[in-house]
There are 2 protein chains.
Amino acid sequence: MAKRPPITNRVRELRERDGLSQAALGQAIGVTRQTVIAIEQGRYSPSLESAFRISRVFHAGIEDVFGWEEE
Amino acid sequence: MAKRPPITNRVRELRERDGLSQAALGQAIGVTRQTVIAIEQGRYSPSLESAFRISRVFHAGIEDVFGWEEE
DNA sequence: TTTGACTGTCAAATATTTTTTACAAGAATT
DNA sequence: AATTCTTGTAAAAAATATTTGACAGTCAAA
């Protein structure tokens with residue numbers, strides 16, 4: 001990836017709110033721990049599929065978890 | 001891609017509602033015509049970034065355009 | 001009947017996301 | 001002190017998304 005995507009997310013905040021480890025969240029949505037780390041750190045934006053799974057774990061909508069920074 | 005993703009979308013419907021060609025939509029969101037075709041046909045799900053851009057073109061939220069099929 | 005705009009397909013190449021494996025360090029517990 | 005859980009890093013490989021270029025069919029308009 002060239003640059004950080006114009007997408008923000010509250011994954012870490014919500015994950016800690018629910019007392020989940022990165023590994024546990026990864027398992028819940030079907031990705032590895034490293035993927036969770038990369039998403040939390042904003043190193044890349046997840047697939048739409050991962051984004052849906054993540055938001056559903058938190059019983060939220062995608063746009064409650066992920067934000068769009070206008071360019 | 002192995003299988004179709006569990007994601008539905010109303011891109012074609014909204015695009016036609018707004019009288020946009022596939023090429024015009026692609027240009028508006030910064031992807032090629034072939035990418036728009038593939039998304040409309042559900043051959044693969046877009047990146048979260050493309051999904052945001054698409055929904056904003058239609059002045060809608062992501063979940064107004066893309067649907068999640070529970071598995 | 002030809003031209004242009006639109007949609008579709010296909011294959012190969014490139015870019016990005018995700019996995020796998022391994023190693024390291026801090027905090028809490030035993 | 002040793003163990004366990006958690007987070008972090010890194011690099012290579014694999015999977016998936018996207019691009020590029022080319023060719024083809026339909027339809028409406030000129």
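Just so we're on the same page: letters track the sequence lines, and every chain starts at 1.
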- Under 3.5 Å, side chain of A:Arg33 to main-chain N/O of A:Gly26, donor-acceptor pair present? no
- Nearest of D:dT7, C:dT18, D:dT19 to any side-chain atom of A:Arg12? D:dT7
- Item | Presence of B:Ser45 side-chain N/O under 4.0 Å of D:dT16 phosphate oxygens OP1/OP2 | no
- Side-chain N or O of B:Arg15 closer than 4.0 Å to phosphate OP1/OP2 of C:dT7: yes
- Message: Can you tell me if B:Thr32 touches the phosphate of D:dT20, counting only side-chain N or O atoms and a distance under 4.0 Å to OP1 or OP2?
- Response: no
- Query: Taking N and O atoms by type only, does the side chain of A:Glu49 place a donor or acceptor under 3.5 Å from a partner on the base of D:dT16?
  - Reply: no
- Check for a donor-acceptor pair, side chain of A:Glu63 on one end and backbone N or O of B:Ile62 on the other, with a separation under 3.5 Å. yes
- Write down the atom of A:Ser45, the atom of B:Glu49, and the distance for their closest heavy-atom approach. OG-OE1, 3.8 Å
- Item | Presence of donor-acceptor pair under 3.5 Å, side chain of B:Gln34 and base of D:dG21 | yes
- Hey, does B:Ser47 reach any base, or is it just sugar-phosphate, or nothing, if we go heavy atoms under 4.0 Å? sugar-phosphate
- Proximity to the side chain of B:Arg33 - top-ranked nucleotide from C:dG8, D:dT18, C:dT18: C:dG8
- Message: For a quick check of understanding: with a heavy-atom distance under 4.0 Å over all strands, which category does A:Gly30 fall into, base, sugar-phosphate or nothing?
- Response: sugar-phosphate
